Structure formats: C-alpha cells, structure tokens
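Below is one structure, written out as structure tokens, with a few remarks after it.
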Amino acid sequence: MTIQTYWQLDVAAEPQRSEPSERAQWQAVARDVRTSAINRYDHYAAIARAAALTAFDGLFVAHREAGDDSQIVAAAVAREVPRLALIPEFPASVGSAVYASKQATSFQRLAHERLGWAIAADADAETRARGADHVDEADLIARTEEFLAVARGVHGGQGYSFKGRFFEVEKGGFDAPLNRVRFPTVFLRGTSEEALSLSARQADVHLFDPAPIEDLRHSIETLEALAVATGRTVAFGIVQPVVAREYADEVGYVPQGSIAGTYEDVAEQLATLAHLGVTHFVLGASPSLEEAYRVGQFVLPRFRTLTDPLRAAA
C-alpha cells in the first residue's frame, strides 16, 4: 500500500497576511517594510516550501470562487518545490476540455509529470450562473464525464473524434512532443450514488469528506464494488482538517469534521483511516504556513510509523 500525504493550500484563507491591500496598519507600533513586490504568491510559495521541507508528498490547491485560480497557483509554485506533486482543484466548467488537456500537458512538461487534476464539486445554480455556467443540475455529472473523456482522448494521440452533449471534437489530438507525458492523476469527490458511479468509471482517486468511520467504510465498499464491476480500481482519499498539539490541553477551537488531539492522537486516528483503505490524505489547518510545519514535523513521522506494516504488506 502506497500512502500519499498532501497539504491543503486554501487560496482564499488569511488575506490579511499577504494581500497588500489587506495588510494591517501598525505605524503606531512598528512599520511594515514589505514592498508591493511581495504579494500573495510569495505566501503560497512559503506554504509550498513548508510542505516540501516537512516531507509531504504533495500540495493540494483548493478551488475557491473568491480566490486565485488554483491552476495558476500550482504552476507558480512548481519551480519552488521540485519534488512535490501538485493537485489544483477546479470545476469542469472551466471551458474547453481540449484546451484544458493542452494546459495539463504543458504543465507536465514544466513540472516533470507532477500534476494531478482534482475536479471540484459543482457549485449551486446561482454561483454557476455568475461564472457563465448554465448547465442544468441534472446534467452536471454527464458534463464532467464528457470533460474527462475528451481531455483523455485528445491527450492519447491524433485522430480523436467525439460528439457528445457538451463537447465535440473532429480528428483532434496532440502530436509529439506534447503526447509524450502522462495524463494527470484524476481526483473526484462526492458521496451520492451518481458521484460514486462516476468515480468508478473515471477517477484514479476518490476523495471523501470527513465522516463517521462506519459511513466512510460503507462508501468505500460501495465504490470498490462499482469499480470492480467496470473492470477498474480506484484509490480512496480523504480531505481531512486536523488540529494537532503537543499536549491535549493546548487544543483550542476545533472546526467541524476535524481530527483533533495530541500529535499521537491525530496520527492514530489517521492510521485508523489508512487501515480502512484510505491511501491519499489531504490534510489542512489554519494558519496554513505554521500548521504545515507543525503537522509535517510532529504528526507525519508518527503516522508513517503506525502505517509501516501496511506499506510493507503491499
């Protein structure tokens, strides 16, 4: 069993720390000497370096309507962290599946095949309309499936044709050298029957949200059966907030769905998920920069020790 850990970078969090227009004014106490050349992307790079230095396997860049584009952020930090996998999250409404595939190919060439695609859950109708996305609710799963099918199809080589409800391609595809890199690892999400069925057909990794162990076990078993029926295998992951401290009495505010406790407690709870079959862990906490160092230094080594038997048995 290969276990992968990712740190989540939230592009909408903590604007006051790095957005020049949001900086607090402390002239009465101290002078802020940061220039306008230091901006939000320097903060993203610092978080990415923290994840790399503390031996996370990758960086998961969350999609936020009110934040920077996740794919641009991932590309911007790619040269800052030459080892990490980079997983930007974005909706299937981004536009042309053909051009999205070309962008992914260019990213793979830039970053030596470290790109993953996390397809975000579709927003509500009002939010989608603000982004010029007017696909009916009942058609969203089908649109995502077509998006992935076309993106993979043109990536596979020239002469690819497809005619669907949302995309149409005539003899498209990439020639060398663009067709010489692998397609991104695809991460999908959701717990509905339709979402799990889509993952069985299209996902490399399915990401679950935090849930009670028995609910998570049931979802994993359901997806596993659906994938087997299609002749595929799907890896299981979780997007899991954590609050980890050296001592139990230091644990403060705990956001809903978080795993919280001492470093040992958090590592043990993550290991329980690993024994359930979860192999991809997207961990996050606030403030992101400091917590990346804390979790990476004190939780990950304990977690890896607890899951060594699983790795050895794989």
Side-chain angles (χ1 to χ4, degrees), residues 10-12 60-74 87-104 115-156 160-173 183-211 215 218-220 222-223 225-227 229-230 232 234 236-239 257 282:
D10 188 336
V11 293
F60 184 95
V61 187
H63 169 70
R64 297 288 184 258
E65 293 291 336
D68 285 312
D69 180 81
S70 60
Q71 296 183 87
I72 298 296
V73 172
I87 320 294
E89 181 184 39
F90 59 92
S93 61
V94 292
S96 166
V98 174
Y99 199 73
S101 185
K102 182 174 181 177
Q103 288 177 314
L115 175 67
W117 269 8
I119 305 302
D122 289 292
D124 59 82
E126 183 178 350
T127 301
R128 295 200 311 275
R130 288 199 298 268
D133 179 12
H134 299 284
V135 172
D136 290 340
E137 187 83 23
D139 295 329
L140 294 174
I141 292 286
R143 192 260 302 274
T144 298
E145 184 151 27
E146 281 194 17
F147 178 89
L148 290 170
V150 171
R152 283 193 173 106
V154 295
H155 177 271
Y160 174 78
S161 295
F162 179 93
K163 186 172 184 179
R165 295 166 58 195
F166 309 97
F167 302 96
E168 183 173 348
V169 182
E170 290 188 20
K171 298 179 181 179
F183 193 77
T185 301
V186 174
F187 294 71
L188 296 179
R189 300 178 73 164
T191 55
S192 70
E193 182 179 345
E194 294 81 4
L196 294 178
S197 294
L198 175 63
S199 280
R201 298 188 299 271
Q202 294 287 348
D204 298 306
V205 181
H206 185 90
L207 294 175
F208 293 100
D209 291 326
D215 292 349
H218 175 72
S219 294
I220 287 174
T222 299
L223 177 51
L226 289 169
T230 64
R232 301 182 70 247
V234 179
F236 310 116
I238 191 166
V239 180
V282 180

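Each residue takes its place number in the sequence, starting with 1. Here the structure is a predicted model, which means the values were calculated and not measured. Values reported hereafter were calculated over all heavy atoms of this structure, with side chains retained and with hydrogens, waters and symmetry mates removed.
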Legend entry - Side-chain touch T191/D209, heavy atoms, less than 4.5 angstrom: no

Inset, instruction - Find out whether L207 and F60 are in side-chain contact, i.e. whether some heavy atom of one side chain is under 4.5 Å from a heavy atom of the other. - result: yes

Inset, instruction - Answer whether the closest heavy-atom distance between the side chains of V234 and L226 falls below 4.5 Å. - result: no

Legend entry - Geometric class of the F147/F90 ring pair [parallel <30°, tilted 30-60°, perpendicular >60°]: perpendicular

Inset, instruction - Give a yes or no on whether a salt bridge exists between E89 and R189, defined as a side-chain N under 4.0 angstrom from a carboxylate O. - result: yes

Inset, instruction - Can you measure from OG (S197) to CD1 (I141) and round to the nearest 0.5 angstrom? - result: 9.0 Å

Listed pairs under 3.5 Å, donor-acceptor, residues 162-170 side chains, sequence neighbours left out:
residue : atom : partner : partner atom : Å
R165    : NH2  : D139    : OD1          : 2.6
R165    : NH2  : D139    : OD2          : 3.2

Legend entry - Under the side chain to side chain donor-acceptor pair (under 3.5 Å) test, residues paired with S199 that sit two or more places apart: H206

Legend entry - R143 side chain near S93 side chain, heavy-atom distance below 4.5 Å: yes

Legend entry - Derivation of the side chain to side chain contact (heavy atoms under 4.5 Å, CB included) call for Y99 and V94: CA-CA 10 Å; Y99 199 73; V94 292; over 6 Å; no

Legend entry - Shortest non-hydrogen contact between F208 and I220, atoms and distance: CE1-CG1, 3.8 Å

Inset, instruction - I would like to know whether V61 and D68 meet side chain to side chain contact (heavy atoms under 4.5 Å, CB included); could you show each step before the answer? - result: CA-CA 10 Å; V61 187; D68 285 312; over 6 Å; no

Legend entry - Set of side chain to side chain donor-acceptor pair (under 3.5 Å) partners for D69, sequence neighbours left out: none

Inset, instruction - With sequence neighbours excluded, tell me which residues meet ring pair (Phe, Tyr, Trp, His ring centres under 6.0 Å) with H63. - result: none

Inset, instruction - Could you tell me whether the side chain of P88 reaches within less than 4.5 Å of the side chain of L115, counting heavy atoms only? - result: yes

Legend entry - Side chain to side chain, V282 and I87, heavy atoms closer than 4.5 Å: no

Legend entry - Separation between CG of L198 and CD of E145, rounded to the nearest 0.5 Å: 5.5 Å

Inset, instruction - Please confirm whether the backbone N or O of A97 pairs with a side-chain atom of S101, one donor and one acceptor, at under 3.5 Å? - result: no

Legend entry - With sequence neighbours excluded, residues passing side chain to side chain donor-acceptor pair (under 3.5 Å) with D136: none

Legend entry - S70 (side chain) donor-acceptor with A62 (main chain) under 3.5 angstrom: no

Legend entry - A200 backbone acceptor or donor facing T230 side chain under 3.5 Å: yes

Legend entry - Distance, nearest 0.5 Å, that separates CG of L140 from CD of E194: 11.0 Å

Legend entry - Residues R64 and D10 bridged, charged N to O under 4.0 Å: yes

Legend entry - Residues that F183 engages under ring pair (Phe, Tyr, Trp, His ring centres under 6.0 Å), provided they are two or more places apart: W117, H155

Inset, instruction - Evaluate the side-chain proximity of Q202 to I119: yes if any heavy-atom separation is below 4.5 Å, no if none is. - result: no

